[in-house]
Amino acid sequence: IEASYRFDKRKIDDSYPLLQDVMDAGEQDMKDIRGFYPLWEKLLEGEGAHGRPASLLVEVVYFTKGLTGVGNLAHKWGGIQPYGYLFWLDKLRQEKQWDDIVKVAKDALVTLKAGQAREKISDFLSEAGQMTGNPAIVLESSLEKLYSHPCDANLKTMLIEAVKQDQREE
C-alpha cells in the first residue's frame, strides 16, 4: 500500500498492479473476493487520497459501487486527487459513453488546477468531441489543454484547431 509514499504522495504510480491485474493474472477466480472488498475498502479509506492507496481505493469502489461510486469519490476528492476523475473517464471511454465523458471532463476541468492530470482530462474531452462530431468541444479541449500545460505543442494544436474551425480571431 505504501509503495509510492517515498515519492510524490499525490501521484499514482502505474508500475504497480491493481487488484484487477492480480485477478487477471491468476488461473482461477479468487475465493470469496466479494467478501474481501468491504474490508479492503475500509482499510484503504483510512489511508486517505494519496498515492497507491488512492488508486487501489478507486478500483475497489468501482467493484462495489460501480461508476456512481467512482463519481462520488472523484467529487469528494476534487482537486486533492485527480485520479478519481481519470479512472472514471477511462471506464466511460471503455464503455464508449461519449456524452458522459463530456460532462465529467468539463466538471473535472473546472475542479482541477493546471497540470498533467488536467491535461490528460482535456484529451478525454477532445476524443469525446471527435467521437460525437462536435468540433466546438474539440476546440474547447485544445484550449483547456493549453491552459493545463502551456507549451509550444499545445499552442500549436490549439491554433491548428482554431484555424480548421475558422475561429482563429475569436
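In this text the structure is predicted, and so the values were computed from the model without any measurement. In what follows, every heavy atom counts, from backbone to side chain, and hydrogens, waters and symmetry copies are set aside.
Residues Glu161 and Lys164 are paired through a salt bridge, judged by an N-O separation under 4.0 Å between the basic side chain and the carboxylate. In summary, Lys65 and Glu41 engage in a salt bridge, as defined by a charged side-chain N under 4.0 Å from a carboxylate O.
By the 30° and 60° cut-offs, the orientation of the rings of Tyr83 relative to Phe87 is tilted. Ring-plane geometry between Tyr37 and Phe63 is classed as parallel, the angle between the planes falling under 30 degrees on a 0 to 90 degree scale with a further cut at 60.
Side chain to side chain, Glu59 and Ser55 fail the donor-acceptor criterion of an N or O pair below 3.5 Å. Defined by atom type and a distance below 3.5 Å, a donor-acceptor pair is present between the side-chain atoms of Tyr85 and Asp107.
Taking OG of Ser122 as the reference point, atom CG of Leu143 lies at 10.0 Å (rounded to 0.5 Å). The line from CD1 of Ile121 to CD1 of Ile101 is 11.5 Å long, rounded to the nearest 0.5 Å. With values rounded to the nearest 0.5 angstrom, Arg52 atom CZ is found 9.5 Å from Leu44 atom CG. With values rounded to the nearest 0.5 angstrom, Leu89 atom CG is found 11.5 Å from Gln94 atom CD.
Side-chain contact check for Thr157 versus Lys145: every heavy-atom pair is 4.5 Å or farther apart.
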(request) For the pair His50 and Trp77, evaluate ring-ring contact (aromatic ring centres under 6.0 Å, His included) and give the outcome as yes or no after the intermediate values. (result) CA-CA 10 Å; His50 302 292; Trp77 285 346; 9.2 Å; no
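Atom CG of Asn72 sits in a crowded spot, with more than 12 heavy atoms from other residues, nucleotides or ligands closer than 6.0 Å.
Exactly one residue among Lys91, Lys120, Gln81 makes a side-chain contact (heavy atoms from CB on, under 4.5 Å) with Leu86. That residue is Lys120.
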